[in-house]
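Chain naming here is simple, since letters A, B, ... match the order of the sequence lines and numbering starts at 1 in each. Predicted model only: the values in this text are computed from it and were never measured.
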Amino acid sequence: MAPRVRFAPSPTGYFHVGSARTSLFNWLFARQTGGTFVLRIEDTDAERGRPEWLDGIISAMAWLGLDPDEGPFHQSEAEPRHRAIADALYGAGYLYACECTREEIDARTHENATPGYDGFCRDRAVTRTTQTALRFKVPASGETVVDDVIRGQVVFPHDSMDDFVAVKSTGHPLFALANAIDDRDMGITHVIRGEDLLPTTPKQLLMWAALDEVDAPVELPLFAHLPMLVNEQRKKLSKRRDPVAVESYRDQGFLPDAFVNYLSLLGWSPNGDSEIVDRATIVDQFRLDEVHHAPAFFDVAKLTHLNGEYIRKLSSSEFLECARPWVDPAKAQWTPEGTEPPWPAEHFDEAVFAEMAPLIQERVAVLGEIPAMVDFLFLPEPPFDEAAFTKVIANDERAEGILLKAIEVYGSCEFDAEALHVATAALGEALGHKLRIAQAPIRVAVTGKSVGPPLFESLAVLGRDEVLRRLEGALRRAER
RNA sequence: GGCCCCAUCGUCUAGUGGCCUAGGACAUCACCCUCUCAAGGUGGAGACACGGGUUCGAAUCCCGUUGGGGCUGCCA
């Protein structure tokens, strides 16, 4: 039977990198085995879900190329069935009514010092009302063994498990119930999810066995718990402190293939000698049972490096296309949030950018770095980096001579990159300067910065008149 | 507190009893290349948490210790 896996996020906020990893590993397993990848939205907690969050999940998955074969299904739509099954479970004695409030439980816990439900109502035959929750009666003795694909057998003694709530007092079915029912109904064969769910697994196994009694028996899926993704403090990635929104990585200019490649390296590694591997290779080589056991630090520095490799591998036309949202958003398919080009849209010149692009392509690690690297091409008065201006022009007595000489030479020389290179080297030499010294004030005068793409190509693209204008402008500025 | 998981360079990992004086990648340092910055090249520093076993032989198997993490909701 072909495997069926599901990615079952609850729509609480933006798409989390941990979710992306879980989703990816499910997707990889499905693609590799010829199985089916199902997307199920666990939206049973109506108070917390919001429609736009669902859109966020779907668009982020699409961006990463994690296409579901089925879904999105909404768990909330199966609520009538969940309620019916809950009634059956209650009727068969697997669930019992509990009238304890959280406060009462906490008060008793204080005395016992062991958190969790104490089974107060378990044998009191409380009548089921709109004030009572339904709890699952965990066997008093024995143990439940989770046979995990990644970790092997994990044993949970029943006396360490409390009687968890399956149905709220409102009648609303909870994760512990709905999740198991849906996995059964959808014929899920492999549950691949984060390790944080491992402690709930024995409860779901118990639930599964009970469901086998009140509903048609279904074969238990295999479980695989992926190691956590952690921050530098080795704590589970948190929405509050850590940069975990997949959307923000897209907006910064990470490439989906690079992001997927990086994510795949967290807990898994390719067979070959390179860790730059395309999707097909990952699908082919991925082995669920070889996934590493230990938590992995989500290292943005390494992600960034990998992204740079992917950017450099792009063809020229691909790079142009990828760059468009950052340089010419009006003509792009989508626009990165929170950033826009520093130049007025009408000043952008596609041909000029295309000419410089190959030089930019090998200098950026994320696409979001592009605008700052080419702003001088589209800004009539590019802002000066004051520190650079002061250092190489205002406070360097060599600058004036170089700039004056450059104005003289550039006024008549050929204006292509190679000729400018030769001319600049020559004018520097005439003044007794190495090219590295001679180019510095020219670069700052023309681009406003001390670092950037190769100077002579930049000058050629800008054109003689504009270059002369800026050189003179810098000179005047230095006199002030 | 209880239950559970985990443990190779700072980080991600290779390693499945001898091929390991532990390999690669990121980060870092030095040098080379060089019009700046990148990229690239070369080289350096850098790890099997600890203690017991098992074995002719242990990073690899077992036990313990220590350390880290997760869960402990009428959230998922």
Side-chain angles (χ1 to χ4, degrees), chain A residues 8-12 42-45 47-48 75 98 100-102 105 109 112-117 132-135 146 148 150-151 154-157 159-162 164-172 174-176 178-179 193-202 225 227-228 230 232-236 262 265-271 273-276 290 292-299 301-306 308-309 312 359-365 369 373 388 392 420-421 424-425 428 434-440 442-444 447 449-458:
Chain A
S10 63
T12 53
E42 307 228 324
D43 57 351
T44 56
D45 190 350
E47 291 168 23
R48 297 215 291 169
Q75 185 162 62
C98 169
C100 298
T101 64
R102 185 74 241 169
I105 296 168
T109 297
N112 309 356
T114 303
Y117 187 62
T132 57
L134 256 30
R135 286 186 184 272
V146 175
D148 192 274
I150 296 172
R151 286 154 216 285
V154 185
V155 181
F156 295 87
D159 58 17
S160 73
M161 295 161 60
D162 66 351
F164 55 94
V165 173
V167 181
K168 294 171 81 159
S169 51
T170 59
H172 200 83
L174 258 16
F175 168 80
N179 186 270
R193 48 170 20 172
E195 192 194 345
D196 48 345
L197 276 306
L198 186 52
T200 78
T201 308
H225 288 94
M228 293 279 91
V230 299
E232 45 275 85
Q233 280 81 237
R234 300 256 110 203
K235 299 220 190 289
K236 185 167 121 171
Y262 177 67
L265 262 19
L266 265 18
W268 174 82
S269 63
N271 302 339
D273 51 7
S274 173
E275 45 185 31
I276 311 272
E290 287 175 4
H292 211 236
H293 297 186
F297 169 53
F298 186 81
D299 186 354
K302 182 154 182 175
L303 202 212
T304 302
H305 174 267
L306 207 61
E309 299 253 21
R312 277 173 254 127
L359 267 13
I360 305 302
Q361 184 173 356
E362 55 189 31
R363 285 177 170 71
V364 296
E369 295 174 19
M373 209 165 271
V392 306
L420 285 163
H421 190 163
T424 308
K434 287 189 186 303
L435 183 51
R436 63 175 292 119
I437 299 299
Q439 61 88 36
I442 299 172
R443 176 185 297 278
V444 172
T447 72
K449 303 185 184 82
S450 59
V451 301
L455 181 61
F456 307 116
E457 282 80 356
S458 302

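The base of B/rA25 is paired with the side chain of A/K302 by a donor and an acceptor separated by under 3.5 Å.
An OP1 or OP2 oxygen of B/rU34 is reached within less than 4.0 angstrom by no side-chain nitrogen or oxygen of A/R436. Listed pair A/K235 / B/rG69 meets the phosphate criterion, a side-chain N or O lying under 4.0 Å from OP1 or OP2. Listed pair A/S450 / B/rC37 fails the phosphate criterion, with no side-chain N or O lying under 4.0 Å from OP1 or OP2. OP1 or OP2 of B/rC75 has at least one side-chain nitrogen or oxygen of A/K168 nearer than 4.0 Å. Listed pair A/K236 / B/rC71 meets the phosphate criterion, a side-chain N or O lying under 4.0 Å from OP1 or OP2. The shortest distance between the side-chain N/O atoms of A/R443 and the OP1/OP2 oxygens of B/rC35 is not below 4.0 Å.
With sequence neighbours left out, the side-chain contact (heavy atoms from CB on, under 4.5 Å) criterion links A/H292 to A/A294. Not counting sequence neighbours, the partners of A/D196 by the side-chain contact (heavy atoms from CB on, under 4.5 Å) test are A/M228, A/K236. Taking the side-chain contact (heavy atoms from CB on, under 4.5 Å) definition, one finds that A/T447 meets it with A/F376, A/R443, A/K449, sequence neighbours left out. Residues meeting the side chain to side chain donor-acceptor pair (under 3.5 Å) test with A/E275, sequence neighbours left out: A/K302. A/V392 meets the side-chain contact (heavy atoms from CB on, under 4.5 Å) test with A/A440, A/V444; sequence neighbours excluded. For A/F298, the ring pair (Phe, Tyr, Trp, His ring centres under 6.0 Å) criterion is met by A/Y249, A/Y262, not counting sequence neighbours. Under the rule for a ring pair (Phe, Tyr, Trp, His ring centres under 6.0 Å), the partners of A/H421 that lie at least two apart in sequence or sit in another chain are A/F456.
Annotation: cation-pi pair A/R135/A/F164 absent, no NZ/CZ under 6.0 Å from the ring centroid and within 45° of its normal.
Here A/L303 lies out of heavy-atom contact (under 4.0 Å) with every strand. Contact annotation for A/P9: no contact, since no heavy-atom pair falls under 4.0 Å across all strands. A/E457 comes within 4.0 angstrom of a base, heavy atoms only. Counting any heavy atom pair closer than 4.0 Å across all strands shown, A/T200 reaches a base atom. Counting any heavy atom pair closer than 4.0 Å across all strands shown, A/A296 reaches sugar-phosphate atoms only and no base atom. Using a 4.0 Å heavy-atom criterion, one finds that A/F164 contacts no nucleic acid atom at all. Among the heavy atoms of the strands lying under 4.0 Å from A/E42 are primed sugar atoms or P, OP1, OP2 only; no base atom is included. A/G452 comes within 4.0 angstrom of a nucleotide base, judged by non-hydrogen atoms across all strands. A/L455 comes within 4.0 angstrom of a nucleotide base, judged by non-hydrogen atoms across all strands. Contacts of A/S169 with the nucleic acid, taken as non-hydrogen atoms under 4.0 Å apart, include base atoms. As judged by a 4.0 angstrom heavy-atom cut-off over every strand, A/G267 is placed among residues touching the sugar-phosphate backbone only.
To the nearest angstrom, P of B/rA49 lies 14 Å from CZ of A/R234. Taking atom CD of A/E290 as the reference point, atom C1' of B/rG15 lies 12 Å away to the nearest angstrom. A straight line from CG of A/D299 to C1' of B/rA25 spans 11 Å, rounded to a whole angstrom. Atom C1' of nucleotide B/rC26 and atom CZ of A/F297 are separated by 11 Å, given to the nearest angstrom. If you take CD of A/Q233 and P of B/rG10, they are 17 Å apart, rounded to a whole angstrom. A/L306 places its CG atom 14 Å from the C1' atom of B/rG24, with the value rounded to the nearest Å. B/rG15 atom P lies 14 Å from atom CG of A/D273, rounded to whole Å. As a whole-Å value, the separation of A/Q75 CD from B/rA76 P is 8 Å.
Annotation: B/rC29 and B/rU16 have their P atoms spaced 34 Å apart (nearest Å). One C1' atom belongs to B/rA30, the other to B/rG69, and the distance between them is 38 Å to the nearest Å. Taking atom P on both B/rC75 and B/rG68, the two are 32 Å apart, rounded to the nearest angstrom.
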Give each protein N/O atom lying under 3.5 Å from an N/O atom of nucleotides 39-41 of chain B, with the pair distance.
unit_1	atom_1	unit_2	atom_2	d
B/rA39	O3'	A/R312	NH1	3.2

Strictly under 4.0 angstrom, non-hydrogen atoms only: write out the protein contact profile of nucleotides 2-8 of chain B, one letter per nucleotide from the 5' end, B, S or -. -SSSSS-
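Under a 4.0 Å N-O distance rule, the pair A/R151/A/E195 qualifies as a salt bridge.
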